[in-house]
Amino acid sequence: MYKNILVAVHGEENEGFLQKASEFIMVTKPLVTVLHVSETGLTHYGYVDQLASGITKEQFINYIYAIADEQQKQIFNKFKELAETTGSQFAWKVREGNPPKEIIQELNTGNYDLLILGTKPKSPGNTSSKVKEKMLNELSTSLLIIK
Amino acid sequence: MNGQILLVTDGSPSADAAGKTAIEMAQSMKLPLRAVFILDEGWRNLLGDEWINTSSTRMRFFHWFEDGLKSYAETVLAKFRQQANDKGIPVEIEIKIGKTEKVIVECTVNPETSLLVLPNPNAVAPAAAAGLRFNLNSLSKKVKCPIFIGPR
């Protein structure tokens, strides 16, 4: 069925994402690449823009990047654990930039036949819907959205 | 995973590819398979130009148009059933009329659905191509199961 799958993760996937993803992966037994995109170019933060001074804003953005790094480590550990329990192997890739653009670029460079995305729980500032819609418009492979 | 695999098809190449995945998933996961073709009721709000400005002409046009759509839907579903049966997979087929997103959501609730399979809505040109139209963002908020979208 699917031989080469790209799983793009942001670290805030709903509970049960890994379980459902592993059920699908176990059926198809493909080569799995897990991609995490650290979002860069964070320049606009609503009220922060108005309230914070230049230095504070920079510190705030650095704080966001630190959180992203921490998330990356957690995602890697979760997939490592999943690979050990299912006896499967996965490749781990990290990119920096705009998530939809980076995911499309990765899809174009690799020979992937399926993209798996998770969804984020509803909360202010979550942008996963924009990623999904953008993917749908530009994607040539199949897409699996796991809630 | 428990529950049916639900394919909502529009007969496009994207739906054909998605349908193959639905059959393979039903086969490997031993889950029941159901295929639905939705006739969007939005056509009923079509007022038309001068040439269908009388009630009788408009009704004749709607009947002619609905017959055409229904016949197309039957052909698409029959083709899919044949493909599934060739692989030894039984499939329940159905034509539904209503608001596309609402019908999709209802179909996933009863019976319980483990995977919703859809064509890419951008795979066919708009207007006359009559492809399945839905907003993925809005749909993914309403549907509880994973959503599989066929290639563009």
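The sequence lines fix the lettering, A, B, ..., with proteins before strands; numbering per chain opens at 1.
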request  = Kindly compute the distance separating CZ (B/F148) from CG (A/L114), expressed to the nearest 0.5 Å.
outcome  = 5.5 Å
Residue part contacting chain B, namely of A/E138, when any heavy atom lies under 4.5 Å = backbone
task = Below 4.5 Å from any heavy atom of chain B, which atoms of A/I116 appear? Answer side chain, backbone, both or neither.
result = neither
B/N120: which of A/L143, A/N137, A/L136 passes side-chain contact (heavy atoms from CB on, under 4.5 Å) = A/L136
message = When you group the ILVMFWY residues by side-chain heavy-atom contacts below 4.5 Å and let the links chain together, are B/V36 and B/I104 in the same group?
response = yes
Interatomic distance, B/S140 atom OG to A/I146 atom CD1 [nearest 0.5 angstrom] = 13.0 Å
ask   = When A/K20 is tested against each of B/P146, B/S114, B/C145 for side-chain contact (heavy atoms from CB on, under 4.5 Å), which residue passes?
value = B/P146
query = Stepwise, does the side chain to side chain contact (heavy atoms under 4.5 Å, CB included) test hold for B/T21 with A/Y2?
reply = CA-CA 9 Å; B/T21 300; A/Y2 293 100; 2.7 Å; yes
ask   = If you count the non-hydrogen atoms of other residues, nucleotides and ligands that lie under 6.0 Å from CD in B/E106, is the total more than 12?
value = yes
key: A/N111, CG: over 12 other non-hydrogen atoms inside 6.0 angstrom   = no
query = Mind checking whether A/L31 and A/L115 sit in one hydrophobic cluster, side chains of I, L, V, M, F, W, Y counted as touching below 4.5 Å?
reply = no
inquiry  = Please tell me whether B/M29 and B/V117 are part of a single hydrophobic cluster in this structure, the criterion being side-chain heavy atoms less than 4.5 Å apart.
reply    = yes
task = Rounded to the nearest 0.5 Å, what's the gap from OG1 on A/T119 to CG on B/N137? Could you check?
result = 10.5 Å
ask   = Should A/S142 and B/P151 count as side-chain neighbours, where that means a heavy-atom distance under 4.5 Å?
value = yes
Residue A/K147 excluded, over 12 heavy atoms near NZ under 6.0 Å = yes
Partner set under salt bridge (charged side-chain N to carboxylate O under 4.0 Å, His left out) for A/E81, not counting sequence neighbours = none
request  = Please examine the side chains of B/I149 and A/L144, heavy atoms only from C-beta on, and report whether any two atoms are closer than 4.5 Å.
outcome  = no
note = CZ (B/R152) and CE (A/M135) are apart, to the nearest 0.5 Å, by 12.5 Å
task = Enumerate the residue pairs fulfilling ring pair (Phe, Tyr, Trp, His ring centres under 6.0 Å) with a member in residues 82-103 of chain A, sequence neighbours excluded, ordered by first and then second residue.
result = A/F76-A/W92, A/F79-A/F90
